[in-house]
Protein chains: 2
Amino acid sequence: MKYEQADALNGAIRVIAIRHRARAAAKLAELGLHPGHEAILLLLDAYGPQTQKQLAVGAGCEPPSITLMVRKLEAAGLLSRRSSTQDARAVVVALTDQGRAVIAPLKELWRDLADETVASLTSTSAEQLLAVLTDLANGLRRPLAGDGSGSPASGDGSGRPLAGDGSV
Amino acid sequence: MKYEQADALNGAIRVIAIRHRARAAAKLAELGLHPGHEAILLLLDAYGPQTQKQLAVGAGCEPPSITLMVRKLEAAGLLSRRSSTQDARAVVVALTDQGRAVIAPLKELWRDLADETVASLTSTSAEQLLAVLTDLANGLRRPLAGDGSGSPASGDGSGRPLAGDGSV
DNA sequence: GAGAATTAGTTAGCCGCGTAAAGATTGTGC
DNA sequence: GCACAATCTTTACGCGGCTAACTAATTCTC
């Protein structure tokens, strides 16, 4: 594609990332949260207790990032950590009562942010936006086309942890 | 909108931001650059010498972020800083010969990144993607609908510095 | 079973990006 | 002419996110 289009595309992603994060930060601050924390809390709410590895996959970031955020959320009393009974290497993270109490306002805040985001559109429908973004996000999730490191990844490739019986 | 859609939207933006940035970082590293640096260099290439304030507006980030990145790019010899003759407060940033030399490979790299980004799509055309993303980016650029802080912003509101005679 | 390879988690150090506050210069109202 | 507000930049500090290197536990392999 032409450079002008490429720059417009990359630049748009850049500014979307920065601005959307800024708006999320402003809203999350009302709950004492920082951007990224909501991903962990919402994953725990949606799929139950999980290991940090599962959280990393679900949140789309690397384990070291999870370590620090989980530590802070634990310090804030929103979640608990215990080592897995099946695997002594793994740490199982779960919401505390205090953490569960923040889920409802968090979800409302999260919906407001999405509503504001689509409200800023001038020539695109919400359905279009969601379709295009999910397509793009799914495409970017996998490492790189033609990576060659054969491993077909464990599980179903959905990147989502299974709702479970807590046997982690 | 429903919470599931809102979460899908916000989550998609989150993962797009992280993954796109990661890919950009991998490519930019070949030129010794970090994400964000390319925005400054490409702005200087496109619009000529500018103040840091103009760069902040053009790059869509805050002045303190510009200060640090410009310092590092200056240390790398890619750009120069001089205080403006019109306004002793302002610092005018310009590409050096070494900085100009990196523009060509940078643009090529930038085009490759955009190509890979659209290549990861499965059910969206490049035109659709570009249209939706620019619409969204433009919408998010302005502070917040109903902010109320009257100031209509200086200039034409395009957020872009003027190609100029260098009288800054 | 012993040793190698893999995996979960942590640590240390880097960077971008943000806010808040300070300093320096410019512009403005009286 | 002078105090005051507005603007450009910098500093200090905090946060998320990354890679690389490390430990500890598990699993594979012979």
Side-chain angles (χ1 to χ4, degrees), chain A residues 14-26 28-29 32-40 50-57 59-76 81-93 149 151 153-155 161 168, chain B residues 14-15 17-26 28-29 32-40 50-57 59-76 81-93 149-151 153-155 161 168:
Chain A
R14 174 187 161 83
V15 62
I16 289 168
I18 291 179
R19 296 307 199 200
H20 185 267
R21 184 185 182 89
R23 297 195 181 201
L28 290 169
L33 298 176
H34 293 273
H37 294 179
E38 86 289 343
I40 295 178
Q50 300 161 52
T51 67
Q52 296 188 173
K53 173 64 176 176
Q54 288 174 308
L55 288 175
V57 173
C61 59
E62 301 300 318
S65 303
I66 298 293
T67 294
L68 297 182
M69 287 192 285
V70 163
R71 259 173 147 58
K72 291 182 182 173
L73 288 171
E74 183 189 25
R81 292 159 29 93
R82 66 169 179 84
S83 55
S84 169
T85 55
Q86 270 82 9
D87 189 339
R89 296 170 301 179
V91 173
V92 178
V93 181
S149 78
S151 168
S154 63
V168 279
Chain B
R14 173 187 162 84
V15 61
I18 291 178
R19 295 307 200 200
H20 185 267
R21 184 186 182 87
R23 298 195 180 203
L28 290 168
L33 298 175
H34 293 273
H37 293 179
E38 86 287 342
I40 295 178
Q50 301 161 52
T51 68
Q52 296 189 169
K53 173 66 176 174
Q54 288 174 306
L55 288 175
V57 173
C61 59
E62 302 299 318
S65 303
I66 297 294
T67 294
L68 296 182
M69 286 192 286
V70 162
R71 259 174 145 59
K72 292 181 182 174
L73 287 171
E74 183 190 27
R81 295 160 26 94
R82 66 170 178 82
S83 57
S84 169
T85 55
Q86 271 85 8
D87 189 339
R89 296 168 301 179
V91 173
V92 177
V93 181
S149 78
S151 169
S154 64
V168 280

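So you know, we letter chains A, B, ... as the sequences are listed, proteins then strands, and number each from 1. Every value quoted in this text rests on a predicted model; they were computed, and no experiment measured them.
Ranked by how close their nearest DNA chain C nucleotide is to the 5' end, A:Gln52 and A:Ile18 are led by A:Gln52. Each of A:His34 and A:Cys61 lies near DNA chain D, and the nucleotide nearest A:His34 is the one positioned closer to the 5' end.
Separation of atoms CD (B:Gln54) and CD1 (B:Ile66) is listed at 11.5 Å; rounding is to 0.5 Å. Note that NZ of A:Lys53 is 13.0 Å distant from CG of A:Asp87, once rounded to the nearest 0.5 Å. Distance CD/A:Glu62 to OG1/A:Thr67: 11.0 Å, rounded to 0.5 Å. Atom NZ in B:Lys72 sits 12.5 Å away from atom CG in B:Leu33 (nearest 0.5 Å).
Where DNA chain C meets chain B (any atom under 4.0 Å from a heavy atom), the bounding nucleotides read 5' to 3' are C:dC15 to C:dT26.
In this structure, B:Arg82 atom CZ and D:dC8 atom P are separated by 16 Å, rounded to whole Å. The interatomic distance linking B:Arg23 (CZ) with D:dT19 (P) rounds to 13 Å, in whole Å. The distance between atom CD of B:Gln50 and atom P of D:dT9, rounded to the nearest whole Å, is 11 Å.
By the salt bridge (Lys or Arg N to Asp or Glu O under 4.0 Å) test, A:Glu74 pairs with A:Arg81, sequence neighbours left out. In this structure, the ring-ring contact (aromatic ring centres under 6.0 Å, His included) partners of B:His37, at least two apart in sequence or on a different chain, are B:His34. Applying the side chain to side chain donor-acceptor pair (under 3.5 Å) test to B:Arg71 and every residue at least two apart in sequence or in another chain returns nothing.
Pairing each heavy atom of A:Ser84 with each of A:Gln86, the nearest pair is OG-N, 3.1 Å. Taking all atoms of both residues into account, the shortest heavy-atom contact from B:Met69 to B:Cys61 is CE-SG, 4.4 Å. Nearest approach of A:Ile18 to B:Gly60, heavy atoms of both residues: CG2-O, 3.7 Å. Scanning both residues, A:Ala59 and A:Ala39, for their nearest heavy atoms gives CB-CB, 4.2 Å.
If you check residues 62-71 of chain A against DNA chain D, the residues with a heavy atom closer than 4.0 Å are A:Glu62, A:Pro64, A:Ser65, A:Met69, listed by number.
Taking side-chain N and O atoms only, A:Lys72 has no distance below 4.0 Å to OP1 or OP2 of D:dG14.
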Please produce a list of atom pairs where a protein N or O lies less than 3.5 Å from an N or O of nucleotides 24-29 of chain D.
residue	atom	partner	partner atom	Å
D:dT26	OP1	A:Ala88	N	3.1

